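Report on one structure; see the data block that follows.
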Amino acid sequence: MKKGLIFTAALALFTALLLLGVRWAERDNRLNLTRVRIDNSSLVDSLKISEVLMPCFGVSLLKLDTDSLQQSLLAVEGVDSVEIRVHYPETLVITFSTREPSVILEYSDRSIPVTPSGDPLPVEWGNDQLPVIEIIGEPERKVINAALDLFIQRELNGSASMQVSSREIVLTENGKRIILDPSRADESWAMWQSISSVVTEQTDVVDLRYRDLAVLRSTEET
């Protein structure tokens, strides 16, 4: 019983001293944020990250709202996820997971790099090594996503060029224009794969917008 009381008293004293020490350190500004380490920010604009972090410097790490900070960093364009770790007495370690451009959507008046799921990224993230899909007009997001899925999953880059409008997805492969129905892009492409070996060189257009039917046209006919 006596040992238990001594242990309890010692623990209470240690806790009190620890709290006093923390309070003293905070009042003496020894727990204020003075250093941030950024990991894996990739192409994300460092200026925008700095603008989010600036108000945090000089704030006690005990009072810093890391949840709010995380949400603000997630709002920076191109950021996918953020992990924030507090390293006392004065440091934050922030690890980013960022999105990667896979295709450039080429409109008549602008070029937009996008992720495989079609999420837009900053214009400066584009580069000459990325494949390009030409967008005609302003097709709906679901049409563009259908084209992206087909282009990426079927690895068409290098073997075919693609144009997308609200009514059709057009692939040009070995000089032939293959017209697909955006609402059945995979099905239309599977049909093309099944008939491509028997389509003659004289055929210039293969229209697959009709269910279970392929319409073949040549230049002379058009």
Side-chain angles (χ1 to χ4, degrees), residues 3-107 109-133 135 138 140-142 144-145 148-149 152:
K3 288 183 179 180
L5 290 173
I6 293 174
F7 176 78
T8 301
L11 182 61
L13 179 62
F14 173 78
T15 301
L17 291 174
L18 180 61
L19 291 174
L20 287 172
V22 169
R23 182 173 175 79
W24 170 81
E26 187 174 22
R27 292 184 62 180
D28 202 39
N29 296 324
R30 293 177 181 272
L31 294 177
N32 288 357
L33 177 65
T34 61
R35 181 172 178 266
V36 177
R37 193 183 86 196
I38 304 293
D39 293 336
N40 302 327
S41 61
S42 185
L43 297 173
V44 175
D45 190 337
S46 57
L47 179 59
K48 292 181 179 179
I49 294 176
S50 298
E51 290 173 350
V52 174
L53 292 175
M54 253 328 179
C56 300
F57 283 96
V59 175
S60 169
L61 289 177
L62 295 176
K63 296 178 179 178
L64 187 64
D65 186 347
T66 55
D67 289 339
S68 177
L69 176 59
Q70 183 183 48
Q71 292 305 310
S72 297
L73 290 170
L74 283 171
V76 175
E77 198 173 19
V79 174
D80 192 41
S81 66
V82 177
E83 179 188 1
I84 300 175
R85 299 192 303 277
V86 178
H87 288 194
Y88 293 103
E90 60 184 14
T91 303
L92 287 182
V93 177
I94 302 177
T95 304
F96 287 90
S97 174
T98 62
R99 299 170 184 174
E100 296 293 334
S102 59
V103 175
I104 291 178
L105 302 183
E106 187 75 43
Y107 291 82
D109 59 348
R110 63 194 186 280
S111 298
I112 303 176
V114 297
T115 65
S117 59
D119 295 323
L121 295 170
V123 173
E124 57 270 20
W125 286 30
N127 62 69
D128 294 339
Q129 306 304 312
L130 292 172
V132 175
I133 295 178
I135 307 296
E138 296 289 339
E140 294 182 18
R141 173 71 178 267
K142 63 182 180 181
I144 293 176
N145 284 352
L148 280 169
D149 288 344
I152 294 170

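The figures here come from the full heavy-atom set of this structure, side chains too, leaving out hydrogens, waters and symmetry mates. The structure presented is a predicted model; accordingly, all values stated were derived computationally and were not measured.
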If I compare all heavy atoms of [X] with all of [Y], which pair ends up nearest, and what's the gap?
| X | Y | result |
| --- | --- | --- |
| Ser111 | Ile104 | CB-CG2, 4.0 Å |
| Ser81 | Leu74 | CA-CD2, 3.6 Å |
| Ile152 | Ser102 | CD1-OG, 3.7 Å |
| Trp125 | Arg99 | CZ3-O, 3.1 Å |
| Pro122 | Pro113 | O-CG, 3.2 Å |
| Arg35 | Phe57 | N-CE2, 3.9 Å |

Would a 4.5 Å heavy-atom cut-off, applied to side chains only, mark [X] and [Y] as touching?
| X | Y | result |
| --- | --- | --- |
| Thr115 | Leu148 | no |
| Ile49 | Val44 | yes |
| Ile94 | Asp39 | no |
| Thr66 | Val86 | yes |
| Glu51 | Val76 | no |
| Leu92 | Leu64 | yes |
| Leu69 | Gln71 | no |
| Leu105 | Ile144 | yes |

Separation between [atom1] of [X] and [atom2] of [Y], rounded to the nearest 0.5 Å:
| X | Y | atom1 | atom2 | answer |
| --- | --- | --- | --- | --- |
| Asp80 | Ser42 | CG | OG | 11.5 Å |
| Asp65 | Ser72 | CG | OG | 9.0 Å |
| Leu53 | Ile38 | CG | CD1 | 5.5 Å |
| Leu43 | Leu121 | CG | CG | 9.0 Å |

* salt bridge (charged side-chain N to carboxylate O under 4.0 Å, His left out) against Glu77, all qualifying residues, sequence neighbours excluded ->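 Per chain and number, Glu77 pairs via salt bridge (charged side-chain N to carboxylate O under 4.0 Å, His left out) with Lys48.
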* Structure fact -> residues 114-131 vs salt bridge (Lys or Arg N to Asp or Glu O under 4.0 Å), sequence neighbours excluded, gives Asp119-Arg141
* Asked: Under 3.5 Å, side chain of Asn127 to main-chain N/O of Leu130, donor-acceptor pair present?
  ->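 Answer holds: yes.
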* Please check if any side-chain donor atom of Thr34 sits under 3.5 Å from a side-chain acceptor atom of Glu90, or the reverse. =>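 There is such a pair between these side chains.
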* For the pair Glu83 and Phe96, evaluate side-chain contact (heavy atoms from CB on, under 4.5 Å) and give the outcome as yes or no after the intermediate values. => CA-CA 7 Å; Glu83 179 188 1; Phe96 287 90; over 6 Å; no
